[in-house]
A.B. asks: 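One structure coming up, written as structure tokens, with questions to follow.
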Amino acid sequence: MNDARNPSTESTAPQTRAGFAIGGMTCAACAARVESALRHVDGVTSANVNLALERADVLFDAARTGPAALAAAVDDIGYQATPVDDDLAARGIDHAAVARRDGIHVAWSALLAAPLIAQMVSHFAGVPFHLPPWFEFALAIPVQFYFGWRFYAGAFKALRSGSANMDVLVALGTSAAFALSAYRVFTGGGALYFESAAVIVTLVLFGKWLESRAKRGTTAAIRVLMTLRPETARVRRAGEDREVPIADVRLHDIVVVRPGERIPVDGIVIEGESDCDESMLTGESLPVERHRGDRVIGGAINGVGLLIVRAGAVGRDTTLAKIIRVVEAAQSGKAPVQRLVDKISAIFVPMVMGLAALAAVGWWAIGGTPDQIFASAIAVLVIACPCALGLATPAALVAGTGAAARAGILIKDIDALERAHHLTTIVFDKTGTLTIGKPQVTQADFATGDPDTILSIVASAQTASEHPLAQAVIAFARTKNVKFSTVHDFKSITGQGISARVLGHDVLVGNEALMRSRAIALPAQAPPVDGTTRVYAAVGGALAATFIIADEVRPESRSAVAALAAAGLRSILLSGDHPATAARIGGS
């Protein structure tokens, strides 16, 4: 065994992790072959190859080997290894393009095979018709050698490296059927098996097309997370602001974030104040105020203020990058059942070839006809492909973790997923999980005048604001079908609210601090319930309306918790919010 995998050496040598997109794999035997080649490179501690993601993750001693040597080891056995960027650039294979190509191949292959299939079906229906042998030969040639060429290429690479895979079975079985049929066309006698070869190639191609479509969705969650990070950043160097690629941002760089932009790095605010929407990372529905000395997270959306940030974490060290790695680790890991499947798949193909030979010998021994001997051997070869065995488990795991990530559920690793059926307690976050994650107006009180008129003026004043509280008032106004008017002299007041003119009225909308600063008299009111926010609106220098805004419980939360209880699972709410707020949500 390679001494790099000895525990005593693993604990002392610093380890480096690298990822590779692997091209050319067609079944579990291929993945096992690539994994074995990587593990036998001197200095490799561990290697994990995921067939569904077409990805390899390798842990190694950088003093003894490197990415180039690892890629070369994969290339030497007939596959292609492309290092994955550490800066979270686009990764892997374009599965959408592969699915389109495979779809076209399936369509043409099926079209050419259709007359052969019709002939076969007519025989079973008792109204046989016969295509001319030369016509059958002409239809089968492109199916076998153009659309089916991928199986020959895969078989050649496998045999060249001293192994056998699913492509070997398909290529061997269909070639035997095609070769015997072609021989009989030229010699003028015997049954033809062109339809068998063509149907097998078409069906396996169809399976490959379904597989590529499934793979297209496996990395969707990761791609969505990647879109949260901007491609460029505005960095202040030598006294001027320069827009540079995100990969060129260095630790302690001064980054300028304008209103409405995504924050490109984790860091500390050294100048300016604003409110930041961090909901995509924290789930908190309301923006959080950020002032000098506060920490900001890369991927969050800056509000109305200009922020000057000193980069504290860049590239793969940012919070967003770490979240992406958690998702990747879950998708590329292997559950115990998958490791068992890999062991079976690695010896499955040689066993099938041996069984095919044994079937042929058996029929020969009992006096079977050449057609019976030939058909039995081909049948064993083409129906025993381990593709489903090797792909089903990783595809199911990847699809499951991907769907969970898109729903906001991050799974730490595959082992945790496999042990999930032992759960007894479910711990829920509050914001965005049990609640809608979006502020809504739960109560509106109007001081004077017609409520619809006041609501129309106040909501119109906020149409130029992107603040979630402003959007909550606008959404509430739309439910009342009020008319919106043109806004003039709009101004955002950081941390307090907005001012504007609507239909000749001076309008202020914001918090208590804004009203006090503009000498707007507020009546004595009970403090707001924990977990709610009070927004005031003044029209023409006098208080006109008060809105109570809160993040309400999702309609489906109650039924979900009830379903878990019916299944014998205990539900707990774990929140960093005020205890009274958590109690209000938990009790509802």
A.B. asks: If the condition is side chain to side chain donor-acceptor pair (under 3.5 Å), which residues does Gln496 pass it with, not counting sequence neighbours?
C.D. replies: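 Expected list: none.
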A.B. asks: Applying salt bridge (charged side-chain N to carboxylate O under 4.0 Å, His left out), which residue pairs with at least one partner in residues 470-493 are found, sequence neighbours left out?
C.D. replies: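 Every candidate salt bridge (charged side-chain N to carboxylate O under 4.0 Å, His left out) pair involving residues 470-493 fails, so no pair, neighbours aside, qualifies.
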A.B. asks: For the CD1 atom of Ile270 and the CZ atom of Arg292, what is their distance to the nearest 0.5 Å?
C.D. replies: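 The CZ atom of Arg292 is 8.0 Å from CD1 of Ile270, to the nearest 0.5 Å.
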A.B. asks: Could you state the interatomic distance from CG (Leu320) to CD1 (Ile297), rounded to the nearest 0.5 Å?
C.D. replies: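 If I round to the nearest 0.5 Å, the distance is 10.0 Å.
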A.B. asks: Can Ile549 and Phe476 be said to form a side-chain contact (heavy atoms from CB on, under 4.5 Å), step by step?
C.D. replies: CA-CA 10 Å; Ile549 299 177; Phe476 176 72; over 6 Å; no
A.B. asks: Mind jotting down which residue pairs meet the salt bridge (charged side-chain N to carboxylate O under 4.0 Å, His left out) criterion with at least one end in residues 297-313? Sequence neighbours excluded, please.
C.D. replies: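 Sorted result for residues 297-313: empty, none.
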A.B. asks: Just checking Gln80: does its CD atom have more than 12 heavy atoms from other residues, nucleotides or ligands closer to it than 6.0 angstrom?
C.D. replies: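 Count over threshold, so yes.
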A.B. asks: Over all heavy atoms of both residues, which pair between Val249 and Val235 is shortest? Give the atoms and the distance, please.
C.D. replies: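 Shortest heavy-atom separation between Val249 and Val235 comes out as CG2-CG2, 4.0 Å.
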A.B. asks: Work out which heavy atom in Ala461 is nearest to a heavy atom in Val507; give both atom names and the distance.
C.D. replies: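 Residues Ala461 and Val507, closest heavy atoms: CB-CG1, 3.7 Å.
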A.B. asks: Please identify each residue that fulfils salt bridge (charged side-chain N to carboxylate O under 4.0 Å, His left out) with Asp317, with sequence neighbours left out.
C.D. replies: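 Here no residue qualifies.
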A.B. asks: Write down the atom of Phe547, the atom of Ala444, and the distance for their closest heavy-atom approach.
C.D. replies: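 Scanning both residues completely, I find the closest heavy atoms to be CD2-CB, 3.8 Å.
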A.B. asks: Checking Glu271 side chain against Ile308 main chain: does a donor-acceptor pair fall under 3.5 Å?
C.D. replies: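 A pair under 3.5 Å: no.
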A.B. asks: Can you tell me how far apart OG (Ser559) and CG (Leu564) are? Round to the nearest 0.5 Å.
C.D. replies: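 Atom-to-atom, Ser559:OG and Leu564:CG are 9.5 Å apart.
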A.B. asks: Any side-chain heavy-atom pair from Arg250 and Val314 closer than 4.5 angstrom?
C.D. replies: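 Side chain of Arg250 against side chain of Val314, heavy atoms only: no contact under 4.5 Å found.
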A.B. asks: Side-chain donor-acceptor pairs under 3.5 Å in residues 258-265, sequence neighbours left out?
C.D. replies:
unit_1	atom_1	unit_2	atom_2	d
Glu261	OE1	Arg234	NH1	3.1
Glu261	OE1	Arg258	N	2.9
Glu261	OE2	Arg234	NH1	3.0
Glu261	OE2	Arg234	NH2	3.3
Arg262	NH1	Gly299	O	2.6

A.B. asks: Any side-chain heavy atom of Asn48 within less than 4.5 Å of one from Glu35?
C.D. replies: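 Asn48 vs Glu35: side chains touch.
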A.B. asks: Partners of Arg554 by salt bridge (charged side-chain N to carboxylate O under 4.0 Å, His left out), sequence neighbours excluded?
C.D. replies: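 Here the qualifying residues are Glu556.
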A.B. asks: For residues 499-524, which residue pairs qualify under side-chain hydrogen bond (donor to acceptor under 3.5 Å, both in side chains), counting only residues two or more places apart or in two chains?
C.D. replies: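 Of all non-adjacent pairs touching residues 499-524, those that pass side-chain hydrogen bond (donor to acceptor under 3.5 Å, both in side chains) are Arg501-Asp506, Glu512-Arg516.
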A.B. asks: Mind running side-chain contact (heavy atoms from CB on, under 4.5 Å) on Phe428 and Ile585 for me, showing each step along the way?
C.D. replies: CA-CA 11 Å; Phe428 285 101; Ile585 297 297; over 6 Å; no
A.B. asks: What residues, two or more places apart in sequence or in another chain, satisfy side-chain contact (heavy atoms from CB on, under 4.5 Å) together with Thr546?
C.D. replies: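 If we apply the side-chain contact (heavy atoms from CB on, under 4.5 Å) test to Thr546, skipping adjacent residues, the hits are Gln525, Arg534, Tyr536, Leu543.
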A.B. asks: Run the side-chain contact (heavy atoms from CB on, under 4.5 Å) check on Val473 and Val509 step by step: do they pass?
C.D. replies: CA-CA 10 Å; Val473 174; Val509 185; 5.7 Å; no
A.B. asks: Between Arg295 and Asp266, is there a salt bridge with N-O shorter than 4.0 Å?
C.D. replies: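 Yes, Asp266 and Arg295 are salt-bridged.
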A.B. asks: Which residues pass the side-chain contact (heavy atoms from CB on, under 4.5 Å) test with Asp452, sequence neighbours left out?
C.D. replies: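 By the side-chain contact (heavy atoms from CB on, under 4.5 Å) rule, Asp452 matches Asp450, Val482.
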A.B. asks: Which heavy atom of Ser460 sits nearest a heavy atom of Val502, and at what distance?
C.D. replies: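 Heavy atoms of Ser460 and Val502 come nearest at CB-CG1, 4.0 Å.
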A.B. asks: Can you list the residues that meet the salt bridge (charged side-chain N to carboxylate O under 4.0 Å, His left out) rule with Arg236, with sequence neighbours excluded?
C.D. replies: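 Asp241.
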A.B. asks: Identify, with sequence neighbours excluded, every residue that meets salt bridge (charged side-chain N to carboxylate O under 4.0 Å, His left out) alongside Arg237.
C.D. replies: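 Residues passing salt bridge (charged side-chain N to carboxylate O under 4.0 Å, His left out) with Arg237: Asp253.
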A.B. asks: How would you list, by chain and number, every residue that makes a side-chain contact (heavy atoms from CB on, under 4.5 Å) with Ser274, sequence neighbours excluded?
C.D. replies: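 By the side-chain contact (heavy atoms from CB on, under 4.5 Å) rule, Ser274 matches Asn302, Leu307.
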A.B. asks: Give the C-alpha distance, both sets of side-chain angles, the deciding distance and a yes or no for side-chain contact (heavy atoms from CB on, under 4.5 Å) between Leu455 and Phe446.
C.D. replies: CA-CA 9 Å; Leu455 182 59; Phe446 298 93; 4.1 Å; yes
A.B. asks: Taking atom CD1 of Ile426 and atom CD1 of Ile572, what is their separation to the nearest 0.5 Å?
C.D. replies: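 Nearest 0.5 Å value for the CD1-CD1 distance: 10.0 Å.
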A.B. asks: Please name the pair of heavy atoms, one in Ala544 and one in Ile454, separated by the smallest distance, quoted to 0.1 Å.
C.D. replies: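 Between these two residues, the closest heavy atoms are CB-CG2, 3.8 Å.
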A.B. asks: Does any non-hydrogen side-chain atom of Arg242 lie less than 4.5 Å from one of Glu240?
C.D. replies: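 Yes, close enough: below the 4.5 Å cut-off.
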A.B. asks: Roughly how far, to the nearest 0.5 Å, is the CD1 atom of Ile498 from the CG atom of Leu469?
C.D. replies: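 The CD1 atom of Ile498 is 12.0 Å from CG of Leu469, to the nearest 0.5 Å.
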A.B. asks: Kindly give the heavy-atom pair with the smallest separation between Ile22 and Ala81, and that separation in Å.
C.D. replies: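 Scanning both residues completely, I find the closest heavy atoms to be CD1-CB, 3.9 Å.
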A.B. asks: CD1 of Ile457 to CG of Leu503: how many Å apart, nearest 0.5 Å?
C.D. replies: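 Output value for this atom pair is 5.5 Å.
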